[in-house]
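Atom set for the values below is all heavy atoms of this structure, side chains included, hydrogens, waters and symmetry mates excluded. Every number for a ligand or one of its atoms is a count from 1 in the order of the listing.
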Amino acid sequence: MADDTTDTKSSNQMWGGRFASGPDAIMEEINASIGFDKKLFAQDIRGSIAHATMLAHQGIISTDDKDKIVHGLNTILSEIESGNFEFSRQLEDIHMNVEARLATLIGPAAGRLHTARSRNDQVALDFRLWVKEELQKTEQMLTGLIAAFLDRAEEHAESVMPGFTHLQTAQPVTFGHHCMAYVEMFGRDRSRVRHAIEHLDESPIGAAALAGTGYPIDRHMTAKALGFREPTRNSIDTVSDRDFAIEFLSIAAIAGMHLSRLAEEIVIWSTPQFGFVRLSDAFSTGSSIMPQKKNPDAAELVRAKTGRINGSLVALLTIMKGLPLAYSKDMQEDKEQVFDAAESLELAIAAMTGMVRDMTVNTARMKAAAGSGYSTATDLADWLVREAGLPFRDAHHVTGRAVALAESKGCDLAELPLSDLQAIHAAITDKVYDVLTVEASVASRKSFGGTAPSEVRKQIAFWRARN
Ligand code: ARG
């Protein structure tokens with residue numbers, strides 16, 4: 001009895017059979033996951049209902065017990081949904097919180113639910129279901145973002161802007177074409193999401209602790225009931241695999257990188273120096289000291305969220321690396337990374353969709369910028385190749401001299417008199433001026449996937465049909 005006075009806690013009611021005393025307070029704190037895995041309550045209950053139903057169907061538990069279990073689980077679901085459920089840290093995680101409550105509600109029948117399963121396959125199931133739903137949500141959100149870009153692209157299929165390389169004016173493009181670049185990026189993200197859904201579409205439940213079970217379970221039945229294509233094929237891999245979470249994080253990291261590049265462009269475009277776009281009041285903030293300011297905070301935060309998402313990806317890769325098969329408790333640390341990244345990604349996509357839809361595009365500023373920086377120099381070189389038969393390298397050189405002359409005169413290429421151009425190369429005629437405007441430059445780039453408005457419209461139609 002003297003020993004008992006040092007420990008007032010009893011051992012765990014779920015697994016404490018061989019334990020004389022309860023955990024140290026620090027043990028409880030490091031061990032518990034309920035603080036974050038309570039997010040999995042709906043998936044946990046859904047999984048348990050499917051499992052109990054299968055157990056009864058296979059004659060492993062009675063129909064009477066199954067009915068009690070299902071009824072009890074549904075009661076717990078509404079208790080949690082209505083905020084009338086008390087989560088206990090002593091019960092570690094969502095799985096044991098639900099099961100303990102079930103015992104209180106229905107008595108001994110509750111103890112039969114955990115037949116032929118383990119928390120290892122249970123958590124793999126709950127988390128997979130959660131990630132699958134999150135991927136489906138991501139797919140829809142990306143579709144919304146793509147739709148926003150398609151609308152802006154259509155509206156601006158003819159609006160010219162400077163295209164950049166090295167953030168130096170390169171060649172004129174259309175704003176519609178630029179928007180469609182993002183459609184391609186987010187389209188790839190969405191197809192990665194779809195592949196990930198296919199990859200993870202296997203049911204883990206029934207792998208049990210790691211070796212499968214001696215009970216005559218039907219894993220195809222639970223897989224079907226839970227909306228999975230089929231059951232997983234190796235019980236060891238099933239409980240030690242978190243590829244689905246890592247795939248989610250990699251997809252989020254790549255999409256986050258795309259969102260961050262867009263955020264950076266919006267930050268640049270909305271400076272007074274560029275003035276290409278104006279963000280709506282709804283998606284910008286003011287300064288508490290400088291009254292003239294309108295800051296692109298939402299874009300900056302989207303750019304920053306990418307850092308968080310990358311951190312989560314690296315964290316989970318590092319958690320998983322070096323784990324021997326099968327389950328190890330390290331894997332409990334998977335959830336917070338995924339939950340945090342999912343929240344960041346959702347926010348970032350939603351904020352970007354809003355900004356893209358709301359921003360005002362200053363086509364006059366874009367057009368003025370499109371014509372500066374000798375952006376039609378390539379068009380002059382191409383004209384020399386086409387009309388004067390020069391090899392491209394020679395045409396490049398001649399054009400370079402024309403640019404240098406225009407620069408020394410402080411004028412555009414189109415403002416150089418014909419005599420100046422002919423002094424550089426005798427084959428130049430006044431027809432050359434037709435190709436030196438930004439509109440002509442853009443309209444000429446009709447190659448598949450090029451920036452000509454006619455081509456951009458074709459790509460918009462392609463994506464509209466696909467979206
Ligand atoms: N809370 C645990 C997790 O999130 C559940 C699985 C526990 N399994 C075990 N053998 N202790 O991973």
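Paired with Leu142 under the rule side chain to side chain contact (heavy atoms under 4.5 Å, CB included), one option of Leu345, Asn467, Asp189 passes, and it is Asp189. Here the options are His195, Lys132, Arg229, the test is side chain to side chain contact (heavy atoms under 4.5 Å, CB included), and the partner is Leu200; only Lys132 passes.
Nearest non-hydrogen protein atom to atom 11 (N) of ligand 1 is Arg119 NH2, 3.5 Å.
Residue-ligand proximity, Asn120 to ligand 1, at heavy-atom distances under 4.0 Å covers atoms 8 (N), 9 (C), 10 (N). Each of the atoms 1 (N), 2 (C), 3 (C), 4 (O), 12 (O) of ligand 1 lies under 4.0 Å from some heavy atom of Gln332. For ligand 1, the atoms lying closer than 4.0 Å to a non-hydrogen atom of Asp93 are 1 (N), 2 (C), 5 (C). Atoms of ligand 1 found under 4.0 Å from any heavy atom of Ser33, numbered from 1 in the order shown, are 1 (N).
Contacts between Lys335 and ligand 1 below 4.0 angstrom, taking non-hydrogen atoms only, involve the side chain exclusively.
One finds no salt bridge joining Asp243 and Arg128 here, because no Lys/Arg side-chain nitrogen approaches an Asp/Glu carboxylate oxygen to under 4.0 Å.
A donor atom on one side chain and an acceptor atom on the other are not found under 3.5 Å apart for Asp218 and His57.
Geometrically, ligand 1 and Arg242 share no nitrogen or oxygen pair separated by less than 3.5 Å. For the pair Tyr327 and ligand 1, the shortest N or O to N or O distance falls below 3.5 Å.
The aromatic rings of Phe85 and Phe87 lie tilted to each other, with the angle between the two planes from 30° to 60°. Phe186 and Tyr182 have parallel rings, their planes meeting at less than 30° on a 0 to 90° scale where 60° marks the start of perpendicular.
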